[in-house]
Amino acid sequence: MASVVLSEAEKVYIVHGVQEDLRVDGRGCEDYRCAEIETDVVSNTSGSARVKLGHTDILVGVKAEMGTPKLEKPDEGYLEFFVDCSANATPEFEGRGGEELGAEIANTLYRVFSTESSVDLKSLCINPREHCWVLYVDVLLLECGGNLFDAISLAVKAALFNTRIPKVRVLEVEGSKEIELSDDPYDCIRLNVDDVPCIVTLSKIGYRHVVDATLQEEACSLASLLLAVTSKGALTSVKKMGKGSLDPESIFEMMETGRRVGKSLHAALQKTLDEEESLGTSRQKVGFLG
Amino acid sequence: MAAVTMRLPVARNVAGQSAPRDGEKHLVVPGDTITMDTGYMSGHGTYLDEEKLTASVAGAVERVNKLVCVKALKTRYNGEVGDIVVGRITEVQQKRWKVETNSRLDSVLLLSSMNLPGGELRRRSAEDELAMRDYLQEGDLISAEVQSVFSDGAVSLHTRSLKYGKLGQGVLVQVSPSLVKRQKTHFHDLPCGASVILGNNGFIWIYPTPEQRNEESRSFITSLEPVPLSDREVISRIRNCVVALVTQKLMLFDTSILFCYEASLGHQIKDILKPEVMEEIVLETRQRLLALEG
């Protein structure tokens, strides 16, 4: 993970600030940095999204391809995650430096999306045991500014919301099944992302915990808790990171905070996505040169 | 109560494109021909390409008599003798420390250029060398002055004055070196209640004003006492104002930071970083600065 070196006095300043609920940039312990979200930025994907959370910049692309269902789940499609930590983000990611972090993030995403209720996988099935849609979700880290997991989960949810899978029909022709693609390029199915969880990372600094830590705050925190929260406030997975220890009492407190913050996060994200959708074709795409 | 703000991106435009006051600036990008006239000498940022003077960096052309140079807008810090810098110790080596100052090469702080505690003047012995880590460790922040520049561009620092030395509690903001205005003094005690060191290398250090200014103002023992909440609010506000000024590409000096601080008092500290609030505050600052000049 990209990290900054801080002096002892700077760390003490940050820790004392968190105790008094005033972080270095004036936020409270439960405030997020201002986030910018844009979908449909990459034209040759089925869905894409870009999220900028302070200095953290994430790009997610979703490609829908036909594949065979897994043996144990013959009537469902599935998702495949791949995370690329580009060397643009920090020099530590040059060559194979970013592989470990990429694998960790991908595994976390698999866990978060492993619950049955997160995405309706049955809707991705075309022919049981023979054909199904496989959604390849590719995450690209453009800039590391702290709080990677939250930004990645927001971008993945936004990209899945933006994904348009072409409608296909199965025809029985002389005993063999044929798949017919609809002629209209706008005839697609959209995924229902209401139950897709978002990750909220709570970093323990001193005796309190903060949401959306910057790189400097992450350097002061020894342990953090990753919570996957749905829009209704249900926790789907919990993961502890860092080499410090966490008291069970503080874990309960952090879970309560995580659910509260998670609900506001989902509400804000849905509102922004709906706003973008309502602009329709008149929306000016900002993209990467804005 | 959690506050989560999300928005759609808006194409950024720098607020208030003011008319160039001191004549049209000749802006170039690498590869642009500056002049075909052979009477000029090539300075920094230029090179002679088949009798044509061509720019090698992106910036504004400056001409002094027959010397033409290009001053780059976004660049690493190029050290000059007498500059004040704020740096972070990266390595502790034999008889010297390596300091990171956002330049192409790490700067060097020799043990002999550092003041000993107590103000003694003597040759540095082997015990001093072994005790180097007690003075400055990896990660510590220092304020220092540039003593000399080596031929490869590396900078040699010294802290041979009581106002330089290890920095205590505060906030560091990293900006581009070209945005820090050269002034007579870079240590400012702002009337709003905090102090600021504007390093020429783009490292801005904001810290609570110490109560007494006595001889031991920069000791090696940093105070780890909690800073009071009122001071913290001022420091966070100044930090956000500096970030706002830098995002809108305004030069940083004590007056601009102070005007920006006063313009931001009507908003909450965390709101200053919202794009629309940032534009509004910086516009007001720009107007006040123009009024001051005119």
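Order of the sequence lines fixes the chain letters, A, B, ..., with proteins taken first and strands second; residue numbering starts at 1 for each chain.
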*Asks:* Work out which heavy atom in A/V5 is nearest to a heavy atom in B/G139; give both atom names and the distance.
*Replies:*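 Looking at all heavy atoms of both residues, the shortest contact is CG1-CA, 3.6 Å.
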*Asks:* Checking heavy atoms, do the side chain of A/L279, its backbone, both or neither come under 4.5 Å from chain B?
*Replies:*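 A/L279 touches chain B through side-chain heavy atoms alone.
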*Asks:* Is it true that A/E10 and B/R88 make a salt bridge, defined as a side-chain N closer than 4.0 Å to a carboxylate O?
*Replies:*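 So A/E10 pairs with B/R88 through a salt bridge.
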*Asks:* Donor-acceptor pairs are to be reported for all side-chain atoms of residues 102-110 of chain B against protein atoms at under 3.5 Å, with residues two or more places apart or in another chain.
*Replies:*
from, atom 1, to, atom 2, distance (Å)
B/S103, OG, B/T101, OG1, 2.8
B/S103, OG, B/L105, O, 3.1
B/R104, NH1, B/N78, OD1, 3.0
B/S107, OG, B/T101, OG1, 2.7

*Asks:* Distance from B/E233 atom CD to A/E20 atom CD, nearest 0.5 Å?
*Replies:*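 Result: 9.5 Å between the selected atoms.
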*Asks:* Give the C-alpha distance, both sets of side-chain angles, the deciding distance and a yes or no for side chain to side chain contact (heavy atoms under 4.5 Å, CB included) between B/L8 and A/E36.
*Replies:* CA-CA 5 Å; B/L8 297 171; A/E36 273 184 13; over 6 Å; no
*Asks:* May I ask you to check whether over 12 heavy atoms, not counting those of B/E225, lie within 6.0 Å of atom CD?
*Replies:*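 At most 12 heavy atoms, drawn from other residues, nucleotides or ligands, come within 6.0 Å of this atom.
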*Asks:* Walk me through whether B/T5 and A/Y32 qualify under side chain to side chain contact (heavy atoms under 4.5 Å, CB included).
*Replies:* CA-CA 7 Å; B/T5 46; A/Y32 266 82; over 6 Å; no
*Asks:* Counting only heavy atoms not in A/E8 (residues, nucleotides, ligands), do more than 12 fall under 6.0 Å from its CD?
*Replies:*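 Not more than 12 within 6.0 Å, no.
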*Asks:* Is it the side chain or the backbone of B/L229 that comes within 4.5 Å of chain A heavy atoms, both, or neither?
*Replies:*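 Both parts, backbone and side chain.
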*Asks:* More than 12 heavy atoms of other residues, nucleotides or ligands under 6.0 Å from CD of B/E138: yes or no?
*Replies:*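 Count over threshold, so yes.
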*Asks:* Can you name the closest pair of heavy atoms from A/S264 and B/V4 and give their distance?
*Replies:*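 A/S264 and B/V4 have their closest heavy atoms at CB-CG2, 3.9 Å.
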*Asks:* Would A/L269 and B/M6 count as a side chain to side chain contact (heavy atoms under 4.5 Å, CB included) if you check the C-alpha gap in whole Å, the side-chain angles of each, and the deciding distance to 0.1 Å?
*Replies:* CA-CA 7 Å; A/L269 177 65; B/M6 271 188 224; 4.0 Å; yes
*Asks:* Just give me the residue among A/I37, A/V261, A/T257 that pairs up with chain B most often, heavy atom to heavy atom, under 4.5 Å.
*Replies:*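 Maximum pair count with chain B is reached by A/I37.
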*Asks:* Using a cut-off of under 4.5 Å for heavy-atom pairs, which of A/V51, A/L22, A/T39 has the most such pairs with chain B?
*Replies:*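 Going by pairs under 4.5 Å, I would pick A/L22.
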*Asks:* Is B/R232 reaching over with its side chain to a backbone N or O of A/G26, donor-acceptor style, under 3.5 angstrom?
*Replies:*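 No, the answer is negative, given that no donor and acceptor are paired below the 3.5 Å cut-off.
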*Asks:* Quick one: what part of A/L154 sits under 4.5 Å from any heavy atom of chain B, side chain, backbone, both or neither?
*Replies:*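 Side chain only.
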*Asks:* If I measure from the heavy atoms of chain A, does B/E100 come under 4.5 Å with its side chain, its backbone, both, or neither?
*Replies:*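 Neither part.
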*Asks:* Please determine whether the number of non-hydrogen atoms from other residues, nucleotides or ligands lying under 6.0 Å from atom CD of B/Q93 exceeds 12.
*Replies:*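 Yes, CD of B/Q93 has more than 12 neighbouring heavy atoms, counting only those of other groups under 6.0 Å.
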*Asks:* At a heavy-atom distance under 4.5 Å, which candidate from A/V211, A/V15, A/L265 has the highest pair count against chain B?
*Replies:*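 Among A/V211, A/V15, A/L265, the one with the most close pairs to chain B is A/L265.
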*Asks:* Donor-acceptor pair, B/D140 side chain versus A/S7 backbone, under 3.5 Å?
*Replies:*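 No; zero donor-acceptor contacts below 3.5 Å.
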*Asks:* Between A/H16 and B/L224, what is the shortest heavy-atom contact and its length?
*Replies:*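 Result for this residue pair: CE1-O, 3.6 Å.
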*Asks:* Less than 4.0 angstrom from a charged side-chain N to a carboxylate O is my criterion; do B/K270 and A/D25 meet it?
*Replies:*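 Salt bridge between B/K270 and A/D25, a charged N being under 4.0 Å from a carboxylate O: no.
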*Asks:* Below 4.5 Å from any heavy atom of chain B, which atoms of A/R283 appear? Answer side chain, backbone, both or neither.
*Replies:*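 Neither the backbone nor the side chain of A/R283 comes within 4.5 Å of chain B.
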*Asks:* Of the backbone (N, CA, C, O) and the side chain (C-beta and beyond), which part of B/R7 lies under 4.5 Å from a heavy atom of chain A, both, or neither?
*Replies:*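 Answer is both: backbone and side chain atoms of B/R7 are under 4.5 Å from chain A.
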